[in-house]
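Here's the structure we're looking at; comments come further down.
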Amino acid sequence: MKNPVLDMFFKYDKLTNISKCSVQNCTASLKGKHGSNLEKHIFAYHKTQYVELQNAKSNTSDTSISNSATAEKLMTNFMKKQCITINMSEQILLTACVELVTMNGRPLTMMKDSGFRKIIDPILVGLGSQANCININEHNIKKHISDTASNIISTITQDMDNKLVSLKVDGVTRHNKSFLGINVQYMLGNTMDLRIKTLAIFELTQQNTDNDLTQFENEIGNAVNSLPTTSKVRCAAHSLNLAIEEALKITSVQNVLARARAVVKKLRRPTFATLLKRQNKKFAIRDIETRWSSVYDMLLRLCELKDFCLEFQETMPELLISISNWNRIEEMVDTLKPAKIGLVQLQKEDITLSDFFAIWWNVIAKLKKKNSILSNALQNTMQQRQILLFANPTFAAVTYLDPRFQCILDADQKSIAKDHLVKTWNTILEVEGNVQSSQSDVVETQVQMDENIDNEMDDLEVFFTNSKQQLYRISNYFSGASLNSYIDRRV
């Protein structure tokens with residue numbers, strides 16, 4: 001079938017071998033008169049004319065149809081033609097294409113893949129009757145991605161305006177590439193809806209030292225409008241992982257790990273992998289230095305393959321592990337299991353500092369019951385690192401407000417917690433622009449009380465009582481009913 005695009009929308013000059021587009025207000029000129037090239041131009045820039053072209057092509061048939069084509073047409077006539085109705089709009093279609101590239105990681109060249117065109121072209125034909133017909137190609141989608149990104153940036157900027165936020169800086173290594181990411185957490189508007197947004201991701205092209213990362217963190221801190229309550233909080237999950245790595249450096253543990261890695265390396269070879277597959281067993285897992293809990297995963301899988309190793313160790317000495325080492329490996333798996341569970345729990349999105357405290361001490365409590373060399377070493381490393389974690393005033397404030405753990409705070413820690421809560425409250429009022437002239441009196445007023453009188457209120461309770469009349473002005477951070485009931489319970 002001859003493509004009618006040349007006759008419908010182009011004027012061809014034989015002398016110059018140039019085809020000029022005859023569509024109104026179009027001055028494009030294309031070399032040659034090949035139908036596919038001309039049709040691509042119509043598809044990219046004249047969507048309405050492209051619909052007309054498709055209709056003309058479907059109504060035009062060549063009289064010299066081959067026998068195979070005739071047979072195919074006859075078979076098509078016997079097939080049931082199905083028509084469906086879908087709920088689709090231009091905006092939904094564009095959003096889906098943008099999501100394919102940005103969130104699903106598909107390349108922009110997918111927009112011209114034959115399979116994708118078979119899906120999208122009928123939809124475009126169906127939308128062709130609308131006034132504003134759209135083009136779906138890699139150039140237009142790239143522009144829509146840029147526009148969508150600008151809208152997202154604008155939305156995040158508006159949401160964070162005059163809000164207290166939490167910034168997180170984290171690094172990751174994937175496929176021999178290192179990345180550093182920054183995300184922000186904040187409460188949306190007048191609700192308690194927690195939003196987590198990624199602000200930036202950088203690829204690290206050179207080896208970065210601790211000093212470089214510290215300098216980077218300081219640059220971020222300088223870019224933030226520092227407030228009295230601004231503080232740095234260490235990553236609890238990362239601290240626990242570092243404690244595990246430090247505990248595993250014991251010489252006796254390293255000797256067992258070295259033998260376990262050697263056997264795992266052998267099990268991952270094609271010869272043994274084939275044997276494992278024949279017996280419907282899982283493949284061995286090798287630990288990776290940058291992947292958390294990979295040592296536990298490796299040893300756990302090795303214990304699952306213990307019967308396989310014992311079966312073939314006589315004919316294949318490279319799989320030999322002594323009984324004492326097998327016992328130590330099983331003991332290490334049993335010891336590292338609470339830490340593995342704790343790491344997973346610490347990586348939840350909605351975890352609070354008081355939840356972190358519960359998880360951290362739950363791991364230590366389970367380790368105390370093990371009473372092994374590795375468990376004792378892991379307890380010591382965790383207790384050393386928890387000093388820096390628990391010294392943060394934010395942690396003291398959250399623990400003070402949690403009735404489950406308030407009893408563990410001493411007098412000094414409670415004083416730090418109260419001071420931090422007062423500063424946080426005044427910061428919220430200041431950010432929201434509702435600071436009254438008497439705010440300084442609230443912070444600086446010292447209430448003289450006899451510590452031996454149990455029924456009198458402490459400084460924080462006095463602050464809550466004096467601030468009760470101000471609660472209705474900051475409903476965007478707390479619901480008045482819930483906070484009032486909280487104060488009434490304390491008073």
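This one's a predicted model, so the numbers in the text were calculated from it and none came from an experiment.
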List the atom of Ser372, the atom of Thr335, and the distance in Å for their closest heavy-atom pair. OG-OG1, 3.4 Å
Not counting sequence neighbours, list each pair that qualifies as a side-chain hydrogen bond (donor to acceptor under 3.5 Å, both in side chains) and has a residue in residues 304-321. Arg301-Glu304, Lys306-Glu330
Taking C-beta and beyond as the side chain, do Asn140 and Leu94 meet within less than 4.5 Å on heavy atoms? no
Check Leu367 against Gln379 and note the closest heavy-atom contact, atom names and distance. O-NE2, 3.4 Å
Side-chain contact, heavy-atom cut-off 4.5 Å: Asn371 with Asn376? yes
Where do Glu245 and Asn241 land on the side-chain hydrogen bond (donor to acceptor under 3.5 Å, both in side chains) test, with the steps shown first? CA-CA 6 Å; Glu245 291 182 355; Asn241 185 68; 3.2 Å; yes
Flag the pair Lys366 and Asp334 as a salt bridge only when some basic side-chain nitrogen lies within less than 4.0 angstrom of an acidic carboxylate oxygen. no
Residue set satisfying ring-ring contact (aromatic ring centres under 6.0 Å, His included) with Tyr45, at least two apart, ordered chain then number -> His41
Please lay out, stage by stage, how Leu257 and Met332 fare under the test side-chain contact (heavy atoms from CB on, under 4.5 Å). CA-CA 10 Å; Leu257 285 178; Met332 291 170 62; 3.6 Å; yes
Just verifying a value: how many Å separate Ile42 CD1 and Gln54 CD, rounded to the nearest 0.5 Å? 11.0 Å
4.5 Å side-chain heavy-atom contact, Ile321 and Leu302: yes
Below 4.5 Å, heavy atoms only, C-beta onward: do Asp355 and Gln345 meet side chain to side chain? no
Nearest heavy atoms of Leu409 and Ala396, plus distance in Å: CD1-O, 3.7 Å
More than 12 heavy atoms from other groups under 6.0 Å of CD1 on Ile373: no
Within this structure, what is the NZ-CD distance for the pair Lys177 and Glu203, rounded to the nearest 0.5 Å? 5.5 Å
Which residues satisfy the side-chain contact (heavy atoms from CB on, under 4.5 Å) test with Ser166, sequence neighbours excluded? Gln185
Without swapping roles, check the side chain of Asp161 against the backbone of Thr157 for a donor-acceptor pair under 3.5 Å. no
Between Ser322 and Asn325 (side chain of the first, backbone of the second, donor and acceptor by atom type, cut-off under 3.5 Å), is there such a pair? yes
Taking C-beta and beyond as the side chain, do Asp159 and Lys197 meet within less than 4.5 Å on heavy atoms? no
Nearest atoms (heavy-atom pairs only) where Gly35 meets Asn3: O-ND2, 3.7 Å
Could you measure the distance from the NZ atom of Lys40 to the CG atom of Asn137? Nearest 0.5 Å is fine. 12.0 Å
Please round to the nearest 0.5 Å and tell me the distance separating atom NZ of Lys337 and atom CG of Leu300. 8.5 Å
With a 4.5 Å cut-off on side-chain heavy atoms, are Phe395 and Ile416 touching? no
State, to 0.1 Å, how close Val263 and Cys309 come at their nearest heavy-atom pair, and which atoms those are. CG1-SG, 4.2 Å
Run the numbers on Val264 and Leu305 for side-chain contact (heavy atoms from CB on, under 4.5 Å), then give the verdict. CA-CA 10 Å; Val264 167; Leu305 300 177; over 6 Å; no
Does Ile408, at its CD1 atom, have more than 12 non-hydrogen atoms belonging to other residues, nucleotides or ligands within less than 6.0 Å? yes
Sequence-distant partners of Phe405, ring-ring contact (aromatic ring centres under 6.0 Å, His included), two or more places apart: Phe357
Taking the side chain from Ser154 and the backbone from Ser150, do they hold a donor-acceptor pair closer than 3.5 Å? no
Sidechain-backbone polar pair: Thr381 side chain, Ala377 backbone, donor-acceptor under 3.5 Å: yes
Can you name the residues that form a side-chain hydrogen bond (donor to acceptor under 3.5 Å, both in side chains) with Lys118, not counting sequence neighbours? none
To the nearest 0.5 Å, what is the distance between NE2 on His144 and CD1 on Ile141? 5.5 Å
With sequence neighbours excluded, what pairs up with Trp360 under the side-chain hydrogen bond (donor to acceptor under 3.5 Å, both in side chains) test? Gln386
N/O donor to acceptor pairs below 3.5 angstrom from side-chain atoms of residues 268-282, sequence neighbours left out:
residue : atom : partner : partner atom : Å
Arg268  : NH1  : Ala284  : O            : 3.0
Thr274  : OG1  : Pro270  : O            : 2.7

Are Glu246 and Arg385 side-chain neighbours, meaning at least one heavy-atom pair lies under 4.5 Å? yes
Show the nearest heavy-atom pair for residues Phe312 and Leu319, with the distance to one decimal. CB-CD1, 4.0 Å
Is there side-chain contact between Asp287 and Asp297, with at least one heavy-atom pair below 4.5 Å? no
Ser354: which residues meet the side-chain hydrogen bond (donor to acceptor under 3.5 Å, both in side chains) condition with it, sequence neighbours left out? Thr352, Asp402
List for me each residue that meets ring-ring contact (aromatic ring centres under 6.0 Å, His included) alongside Phe43, sequence neighbours excluded, and say none if there are none. Tyr50
Partners meeting side-chain contact (heavy atoms from CB on, under 4.5 Å) with Ile92 (sequence neighbours left out): Met88, Ser89
Name all residues meeting the side-chain contact (heavy atoms from CB on, under 4.5 Å) criterion together with Asp410; count only those two or more places apart in sequence or in a different chain, and write none if there are none. Asp412, Gln413
For Asn87, what residues pass the side-chain hydrogen bond (donor to acceptor under 3.5 Å, both in side chains) criterion, not counting sequence neighbours? none
Where the side chain of Thr424 meets the backbone of His420, is there a donor-acceptor pair that is under 3.5 Å apart? yes
Reported CZ-to-OG distance for the pair Arg286 and Ser294, which is rounded to 0.5 angstrom: 11.0 Å
For the pair Leu194 and Met187, evaluate side-chain contact (heavy atoms from CB on, under 4.5 Å) and give the outcome as yes or no after the intermediate values. CA-CA 5 Å; Leu194 176 64; Met187 308 306 294; 3.9 Å; yes
Can you list the steps and then say if Ile359 with Leu240 is a side-chain contact (heavy atoms from CB on, under 4.5 Å)? CA-CA 11 Å; Ile359 295 171; Leu240 178 54; over 6 Å; no
Taking Arg259 for its side chain and Leu320 for its backbone only, find out whether a donor-acceptor pair lies under 3.5 Å. yes
